[in-house]
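These notes concern the structure reproduced below.
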Amino acid sequence: MTQPPLPLIAIDGPSGVGKSTTARRVAERLGWDYLDTGAMYRAASLALLRSGRSLDERGPLETLLAGLDIAQRGTRIFLGGEDISEAIRSQEITTLVTPVSADARVREVLVDQQRRIGASGRWVVDGRDIGTVVFTHACCKVFLTASPEARAQRRFLELQAKGQTPDLAAVMQDLNRRDTADSTRAVAPLRKADDAVELDSSAMTLPQVVDWIVARHGAHP
Ligand code: DC
């Protein structure tokens, strides 16, 4: 039986392409809600780190996952009621989230939560597998890309704006590492859904990307 299309814009793509900011702005423009699934994988990684456990431990990981209390209010992310929005952006979590998000048990729990959240209302959701796995019947699917150079440059400027002194080569290397890991993992690898439209944003500004998505998909009933 075919499911009716969901009023949900899925924005997938590689790291550093600006999915979260784009998705948030598209949601603001349309008056829809926004879900950052990358933040959920980061929150699970922080919970694992704090527990002192490792991914290899069967029982403890399952117990941890069963008690995972992740919430998003506006653009803030909470773990067990604590605001962890800044804590999940550390380099330690950015490194740990790669194996955590490749673990099938973690994905099963988080995908289930994402589906429950997106089942009612209108959503803009960004991630890696939203159009291919989580919401295959989303009305609108965008696969947002940009050249590795453009993505590294954006990430570099973002870190500078936060007061950090990043190294462009190191930023590029980290993006490459995440691209390779996300697209070659066995479970839900990053790829464009057959019915997604690909938008190469290398030469576009953020407002142009937002306008493009709103113009193309925003009119959906
Ligand atoms: O978008 P982000 O960088 O905050 O995502 C953090 C990590 O989570 C990223 O390395 C890939 C993973 N991820 C995923 O596997 N599936 C998603 N739907 C979203 C993120």
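Atoms within each ligand, like the ligands themselves, are counted from 1 in listed order. Remember, it's a predicted structure, so these values are computed and weren't measured experimentally.
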**Asked** In terms of side-chain geometry, is the basic nitrogen of Asp179 or Arg151 positioned less than 4.0 Å from the acidic oxygen of its partner?
**Response** yes
**Request:** Check salt bridge (charged side-chain N to carboxylate O under 4.0 Å, His left out) between Asp69 and all other residues, then give those that pass, not counting sequence neighbours.
**Result:**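 Salt bridge (charged side-chain N to carboxylate O under 4.0 Å, His left out) check on Asp69 returns nothing, list empty.
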**Listed partners of Arg107 passing salt bridge (charged side-chain N to carboxylate O under 4.0 Å, His left out), at least two apart** = Asp129
**Item:** side chain to side chain contact (heavy atoms under 4.5 Å, CB included) partner of Ile93, chosen from Leu48, Ile84, Leu49, Val100
**Value:**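 The option that passes is Leu49.
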**Request:** Return yes if some donor-acceptor pair links the side-chain N/O of Arg105 with the main-chain N/O of Leu55 below 3.5 Å, else return no.
**Result:**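 Present.
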**Request:** Could you identify which residues cluster with Met172, counting Ile, Leu, Val, Met, Phe, Trp and Tyr as linked when any side-chain heavy atoms lie under 4.5 Å apart, either directly or through a chain of such contacts?
**Result:** none
**Prompt:** For ligand 1, what is the set of protein residues having any non-hydrogen atom at a distance below 4.0 Å?
**Reply:** Thr37, Gly38, Tyr41, Arg42, Arg89, Val97, Ser101, Arg107, Gly127, Arg128, Asp129, Ile130, Arg178, Asp182, Arg185
